[in-house]
Every structure is written in structure tokens, then in C-alpha cells.
Amino acid sequence: MSQRVRPLIAVVGSVDGARVFSPPLRAVNQAHAACAKLGQALARAGCDLAVFSSKSTYIEADVVRGYAEGTDAQNPGRVAVYPPRHREVSFALPEGSSVTLDTYRDTSGEWEVAYYRTLLNCDGVLMVGGGQSTRVAGIIAMAQGIPVVPVAAFGGGAREVWINLDKVRNHADDEDIALLGRDWSPDNAARLIASLMRQRTRQAAAADIRARADRLSARRTGAGLAAAVLCVVAALAALVLADEPGRADARALTSLTAAPLFASVTGAMIRNSFETQAA
């Protein structure tokens with residue numbers, strides 16, 4: 001499976017202390033600075049961002065701010081914004097920023113449509129806090145085999161996704177699960193994004209293995225069908241070359257057994273070639 005040179009990472013969640021989330025948020029006083037640190041780490045890892053809102057109640061504003069701080073002329077960045085058609089977005093990027101903002105307004109007036117549709121086209125999902133929509137986004141991503149980084153330190157839906165990830169694993173290993181569950185410290189940001197990149201590498205390796213298996217299966221199917229054609233030819237030749245009715249000598253007995261034998265082998269090969277679990 002081909003991958004983007006610069007992975008597109010969806011940013012999902014909220015650390016709005018004025019809202020009530022279930023499960024509740026944690027360590028909200030650290031969350032905004034943490035999101036900025038995660039944005040910086042994403043920029044330094046050479047990622048592009050997919051965001052949905054510029055409202056301060058969502059984590060995108062903080063992540064994009066940090067992302068802009070982590071870019072420069074030698075390492076520019078790109079933020080793809082996917083709002084519904086009626087919603088305006090405006091990120092306060094610093095003057096002279098090396099970040100390109102591209103807006104792809106969805107034709108639907110419902111934010112959920114733009115939100116979930118975009119997730120399926122991303123290479124990874126970063127989740128911090130949030131509620132039910134964040135949890136659903138994580139479940140969708142895991143079901144589609146998309147690498148996820150649910151930061152459990154700030155509670156909310158992201159913590160629920162972390163709990164689910166421990167059961168599903170997707171492309172995460174024990175080290176990733178332990179890292180995602182740690183309490184926040186400033187040096188966690190780079191480690192979390194490195195975890196995301198490792199998951200993406202494993203995803204590519206798994207896809208490559210599946211592609212090789214598919215190619216091998218296709219070659220086996222082709223070889224089986226070619227052999228089936230040869231068996232059909234042999235069965236017809238045995239019938240054509242058979243003698244007139246008469247004494248049962250060796251040649252006649254060979255024709256009598258060879259023709260149906262080749263025909264039965266042909267049927268078996270053709271059937272086996274089109275079975276999903278061909279052996």
C-alpha cells in the first residue's frame with residue numbers, strides 16, 4: 001500500500017473546562033500547553049494536519065499554534081481544514097508563518113459528515129480529551145486500521161479510546177500502550193508522535209505482507225487455471241485419439257480412464273481457483 005510522503009494526521013478532541021464530559025477531563029490546567037507541544041512534535045515529524053474547527057473550545061487551535069511554532073522555511077507545514085459549509089474558520093498564525101492553510105468545505109451542513117468522512121482519509125488520529133464524538137472517532141479509526149494516539153492523561157473520550165486500544169491493539173504494542181497511559185510531562189509529546197510514526201511503519205509492513213500474499217495467490221490461481229486448460233486439452237485428446245470399438249487393449253483402457261480423469265482434475269482445479277480459502 002502506498003503511503004503519503006507527509007502523513008495527514010487528524011486532530012480530534014476538546015479540553016474545555018467549562019463543559020461536562022463523560023468520562024470527565026483530567027489535568028485541564030496542563031492540557032492547552034500539552035496540545036501546543038504535540039503540535040510542535042507533529043511539525044518536526046514532517047506531518048500535515050487535518051482539523052475541523054478553529055474554536056478555542058477544541059484542541060485544534062492549540063495544536064495548530066504549536067504546529068506553526070515548530071515549522072520554519074526549511075521545514076514548512078500544511079494544515080487542511082475540513083469545516084461544514086456554514087462554518088467559518090480562522091487560525092491566528094504568527095506573521096511570516098511557514099504553514100499553508102487549505103480549506104476544504106464540505107457540501108453537508110452537518111459537522112458530523114465532514115468530521116467522520118475525513119477521518120477515513122487520514123493516516124493517523126491524535127486524540128486529547130473530548131467526549132462521545134472523540135470516542136466514536138477512535139473506534140472508527142481502529143476499525144479501519146488507522147494508527148491512533150489517544151492521550152489518556154487528560155481523560156475524556158480519548159482515555160476511553162486508550163482503554164479500547166489495549167484490547168484491539170491495532171498497530172500498537174505494549175510500549176505504545178504504556179506510553180499513552182502515562183501522566184503528562186513536556187517530553188511526552190515527542191515520544192507520543194514517535195509512537196504514531198512507529199504504528200504507521202507497522203501498518204505499512206502489514207499492508208506489504210498482505211499485498212505479497214495477494215500477488216502469490218493471484219499467481220497460484222493463474223497457474224491453476226493454466227493447468228486446468230492443459231487438462232481439458234488432454235481429456236479431449238484422449239477422446240479424439242481413442243480407437244474404434246473393439247477389443248479392450250492397453251491403449252483403449254488408457255483412453256477410457258485418462259479422459260474422465262483429466263476432466264475431473266480440470267473441474268477440481270477450476271473450483272479451487274475461485275474459492276476464497278484455496279489450499
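Annotation for Ser98 and Ala73: closest pair OG-N, 3.3 Å, computed over non-hydrogen atoms. The minimum heavy-atom distance linking Ala158 with Met127 is given by the pair CB-O, 3.6 Å. Contact detail for Val148 and Ala141: the closest heavy-atom pair is CG1-CB, 3.5 Å. Between Ala61 and Lys55 the shortest heavy-atom distance is CB-O, 4.1 Å. When all heavy atoms of Leu93 and Ala68 are compared, the closest pair comes out as CD2-CB, 4.0 Å. Annotation for Cys35 and Val128: closest pair SG-CG1, 4.1 Å, computed over non-hydrogen atoms.
Side-chain heavy atoms closer than 4.5 Å link hydrophobic residues (I, L, V, M, F, W, Y) into clusters, and following such links, even through other members, never connects Leu126 to Leu25. Using a 4.5 Å cut-off between side-chain heavy atoms of Ile, Leu, Val, Met, Phe, Trp and Tyr, with links allowed through other members, Tyr104 and Val113 fall into different hydrophobic clusters. Val28 and Val63 fall into different hydrophobic clusters, where Ile, Leu, Val, Met, Phe, Trp and Tyr side chains are chained together by heavy-atom contacts under 4.5 Å. Taken together through direct or relayed side-chain contacts under 4.5 Å among Ile, Leu, Val, Met, Phe, Trp and Tyr, Tyr67 and Tyr58 form parts of separate hydrophobic clusters. Following chains of ILVMFWY side-chain contacts shorter than 4.5 Å, one cannot reach Ile163 starting from Phe21, and the two form parts of different hydrophobic clusters.
With contacts defined as side-chain heavy-atom distances shorter than 4.5 Å, the pair Glu88/Ser54 does not qualify. Looking at Val149 and Val151, their side chains come closer than 4.5 Å, going by heavy atoms from C-beta outward. Side-chain contact check for Leu165 versus Pro150: some heavy-atom pair is nearer than 4.5 Å. At a threshold of 4.5 Å between non-hydrogen side-chain atoms, the residues Cys47 and Arg6 do not count as touching. Within the 4.5 Å cutoff, side-chain heavy atoms of Thr103 are placed close to those of Pro83. Taking the side chain as every heavy atom from C-beta outward, Arg169 and Met142 never approach each other to under 4.5 Å. Side-chain atoms of Arg105 and Pro84, non-hydrogen and from C-beta on, never get closer than 4.5 Å to each other. Taking 4.5 Å as the limit, some side-chain heavy atom of Leu119 sits within range of a side-chain heavy atom of Val125.
Annotation: the span from Leu49 atom CG to Asp102 atom CG amounts to 11.5 Å, rounded to 0.5 Å. Taken from CG in Asp173 to CD in Gln199, the straight-line distance is 8.0 Å, to the nearest 0.5 Å. The CG atom of Leu192 sits 4.5 Å away from atom CG of Leu179, with the distance rounded to the nearest 0.5 Å. Rounding to the nearest 0.5 Å places CG of Asp123 at 8.5 Å from CE of Met197. Atoms CD and CZ, from Glu60 and Phe91 in turn, are 6.0 Å apart once rounded to the nearest 0.5 Å. Rounding to the nearest 0.5 Å places CG of Asp72 at 9.5 Å from CZ of Arg44.
Side-chain polar atoms of Asp187 and Ser185 form a donor-acceptor pair below 3.5 angstrom. A side-chain donor from one of Asp176 and Ser195 sits under 3.5 Å from a side-chain acceptor of the other.
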* **Verdict with reasoning, Tyr82 to Val51, per side chain to side chain contact (heavy atoms under 4.5 Å, CB included)** => CA-CA 6 Å; Tyr82 297 89; Val51 299; over 6 Å; no

* Test log, rule side chain to side chain contact (heavy atoms under 4.5 Å, CB included), inputs Ile177 and Trp162 -> CA-CA 7 Å; Ile177 299 297; Trp162 170 66; 3.8 Å; yes

* Gln30/Phe154 under side chain to side chain contact (heavy atoms under 4.5 Å, CB included): CA gap, chis, key distance, verdict -> CA-CA 9 Å; Gln30 296 178 293; Phe154 302 107; 4.0 Å; yes

* Does the pair Ile139 and Asn164 meet the rule for a side chain to side chain contact (heavy atoms under 4.5 Å, CB included), with working shown? -> CA-CA 8 Å; Ile139 292 172; Asn164 292 333; 4.3 Å; yes

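The aromatic rings of Tyr115 and Phe52 stand perpendicular to each other, their planes meeting at an angle above 60°, with 30° marking the opposite boundary.
Here Asp208 pairs with Arg212 in a salt bridge; the nearest charged N to carboxylate O distance falls below 4.0 Å.
Between the side chain of Gln132 and the main chain of Gly157, no donor-acceptor pair closer than 3.5 Å is present. Listed for the His171 side chain is a donor-acceptor partner under 3.5 Å among the backbone atoms of Gly145. A donor-acceptor pair is defined here as one N or O able to donate and one able to accept, closer than 3.5 Å; such a pair exists between the side chain of Asp16 and the backbone of Ala18.
Atom CG of Asp183 has 12 or fewer neighbouring heavy atoms from other residues, nucleotides or ligands inside a 6.0 Å radius.
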